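To start, the structure itself, in structure tokens.
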Amino acid sequence: MHIVADDNIPLLNAFFSGHGRLSVFPGRQLKAVDLMDADVLLVRSVTWVDEALLSGTPVRFVGTCTIGTDHLDLAWLASAGIQVASAPGCNARGVVEYVLSCLLTLAERTGQRWQERVVGIVGVGQVGSRLAATLAALGVSTLLCDPLRAEAGEPGFVGLEELLARADVVSCHVPLSASGAHATRHLFGEQRLQSLRQGAWLINSSRGPVIDAGALEHVLSQRNDLQVALDVWEEEPLVSSSLAARCALATPHVAGYSLDGKLRGTEQIYQAFCDYLGEPFQHQLANLAPLTGQARLELAASPPADWALQKALRCVYDVRDDDARMRQMLQQAQTAPDSAAACRTGFDRLRKNYPLRREAPLLSIGLSSAASADLKTWLQAAGFSLD
Ligand SMILES: NC(=O)c1ccc[n+]([C@@H]2O[C@H](COP(=O)([O-])OP(=O)(O)OC[C@H]3O[C@@H](n4cnc5c(N)ncnc54)[C@H](O)[C@@H]3O)[C@@H](O)[C@H]2O)c1
Ligand SMILES: O=C(O)[C@H](O)[C@H](O)COP(=O)(O)O
């Protein structure tokens, strides 16, 4: 069997080499000619998988080691009888940690308490529901908008216009869809962006085209009360430097880029592949995951709960670091002879050379018996291991 894969997929050899020959390519550069004798294609989110790429190739199984599937032409793949698998929820925890880091940072910069802001979550699936549960456990009020779940009869959801009218923070976790009653392309256009509350924070870590970038830039040119954190960009890997300059936080599509999230993505696709072949799993992530990046944080006898939670969250992920690297890249791209090309390359380089980032359960926290019950509850809600 010949397996062709994106070279950004970790543990590829460990999981797949027993199944045949492996060839790797940079995901954005993969072409039909590379697949002429391939049986299996393994991608991440940057390879557009459609008829143009696959027709005329022997590929029968496509796996994307990502949550999002908007880069796959699912209708054509189904009509061609090609088996497709994605990795639901694989990096959801990383995204939650990104959102928490945005909240801490924006609170610090605006002098507000993030715990007292009402957080509106748009799209309450794998990521949105984990975020909602974490915030609720931290005592934060949330508003949830998911018309598909509401239409299925589930209680507890509000409409988008009501959410925009009531939420101090809007965090977006919808899939990108271009058609249908609840299409999300340009879900946030000029009118909805203008309807954000005075002083609102808007966080988008879903897909760039969910927000109309032109409209956002226009709204931000008129309203300096808003704080916007963008992890995803309408034309990425090309980023509008003028829009980034108006954003409070700008990162290169790395919200879910924990090593753990990427590894789970590979494992989930390996398992789907074994199921497709009708074979048992030979490998388990628990036996293969690298033992790097674990850390320990010792907290003083009875630290203030707010301070300790912030310290622990920042030990696992600090969005300010990604923001700084992105702004440096954009600044350098501006001075390059072809700044658009330099931006595209720089954006992908930041993602390819992403620093080691482990998730909250990999940080163990030493707490004394004098630590408050609130602090223990909060740290556990955020996923930390306590002892
Ligand atoms: N930036 C990153 O690193 C990163 C990481 C993971 C996922 N993502 C993106 O986030 C998206 C969401 O991830 P997920 O795992 O929660 O997906 P999911 O499919 O589990 O959940 C999406 C939810 O959005 C809801 N939804 C669909 N259309 C909607 C609309 N118009 N309004 C409100 N809700 C709507 C769905 O009903 C569903 O419950 C992914 O599709 C992916 O594009 C980005
Ligand atoms: O959909 C996802 O899972 C995320 O957007 C994922 O982090 C994208 O990472 P990439 O495939 O671009 O490496």
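Atoms within each ligand, like the ligands themselves, are counted from 1 in listed order. All heavy atoms count here, side chains included; hydrogens, waters and symmetry mates do not. In this text the structure is predicted, and so the values were computed from the model without any measurement.
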Should you measure from each heavy atom of [X], which atoms of ligand 1 turn up under 4.0 Å away?
X    : answer
H253 : 1 (N), 2 (C), 3 (O)
H182 : 28 (N), 30 (C), 31 (N)
G256 : 2 (C), 3 (O)

So that I can tick it off, tell me whether [Y] and [X] are bridged by a salt bridge, with the cut-off set at under 4.0 angstrom between side-chain N and carboxylate O.
X    : Y    : value
E234 : R185 : yes
E108 : R314 : yes
D260 : R357 : no

Specify the protein heavy atom at minimum distance from [atom]: its residue, its atom name, and the distance to 0.1 Å.
atom                    : answer
atom 9 (C) of ligand 1  : S206 O, 3.5 Å
atom 2 (C) of ligand 2  : I67 N, 3.4 Å
atom 33 (C) of ligand 1 : P147 CD, 3.2 Å
atom 20 (O) of ligand 1 : Q126 N, 2.8 Å
atom 9 (O) of ligand 2  : R44 NH2, 3.2 Å
atom 13 (O) of ligand 2 : Y257 OH, 2.5 Å

| field | Nearest-option assignment for atom 4 (C) of ligand 1, heavy atoms, candidates G123, S45, S205 | value |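 Result: the heavy atom closest to atom 4 (C) of ligand 1 is in S205.
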
| Winner among I121, L144, L148, T69 once heavy atoms are compared against atom 28 (N) of ligand 1 |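 Minimum heavy-atom distance to atom 28 (N) of ligand 1 goes to L148.
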
| request: Would you mind listing which atoms of ligand 2 come within a distance below 4.0 Å of any non-hydrogen atom of H253? | output: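 Those atoms are 4 (C), 5 (O), 8 (C).
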
Give yes if a backbone or side-chain nitrogen or oxygen of [X] is under 3.5 Å from a nitrogen or oxygen of ligand 2, and no if not.
X   : value
V46 : no
S45 : yes
G68 : yes

| With a 4.5 Å limit on heavy-atom distance, are the side chains of V254 and D231 in contact? |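 V254 vs D231: side chains touch.
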
| query | Applying a strict 4.0 Å limit to heavy atoms, is C145 in contact with ligand 1? | reply |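 It does; at least one heavy atom falls under 4.0 Å.
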
Tell me whether [Y] is reachable from [X] by hopping between hydrophobic residues (I, L, V, M, F, W, Y) whose side-chain heavy atoms are closer than 4.5 Å.
X    : Y    : result
L386 : L362 : no
F347 : Y354 : no
Y98  : L363 : yes
L187 : L164 : yes

Before signing off on this row, confirm whether [X] and ligand 1 have an N or O atom pair separated by under 3.5 Å.
X    : result
V232 : no
D146 : yes
N91  : no
V122 : no
R207 : yes

| query | Would you say the ring centroid of F16 lies under 6.0 angstrom from that of F273? | reply |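 Yes, ring centres under 6.0 Å apart.
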
| Can you find a non-hydrogen atom of K262 under 4.0 Å from ligand 2? |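 Not so, K262 does not reach ligand 2.
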
| Is H71 touching ligand 2 with its side chain, its backbone, both, or neither, if touching means heavy atoms under 4.0 Å apart? |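 It is neither part, as no heavy atom is under 4.0 Å.
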
| Counting heavy atoms only, which part of N91 comes closer than 4.0 Å to ligand 2: side chain, backbone, both or neither? |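 Side chain only.
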
| said: As a test of understanding, state which of D322, D323, D321 forms a salt bridge (Lys or Arg N to Asp or Glu O under 4.0 Å) with R325. | reply: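 Result: among D322, D323, D321, D322 is the only option passing the salt bridge (Lys or Arg N to Asp or Glu O under 4.0 Å) with R325.
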
| task | Pick one of side chain, backbone, both or neither for how D231 approaches ligand 1, counting any non-hydrogen atom pair under 4.0 Å. | result |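 The answer is the side chain.
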
| query | Checking salt bridge (charged side-chain N to carboxylate O under 4.0 Å, His left out) for the pair R344/D338: CA distance, chi angles, key distance, verdict? | reply | CA-CA 10 Å; R344 287 193 189 91; D338 182 346; 5.7 Å; no

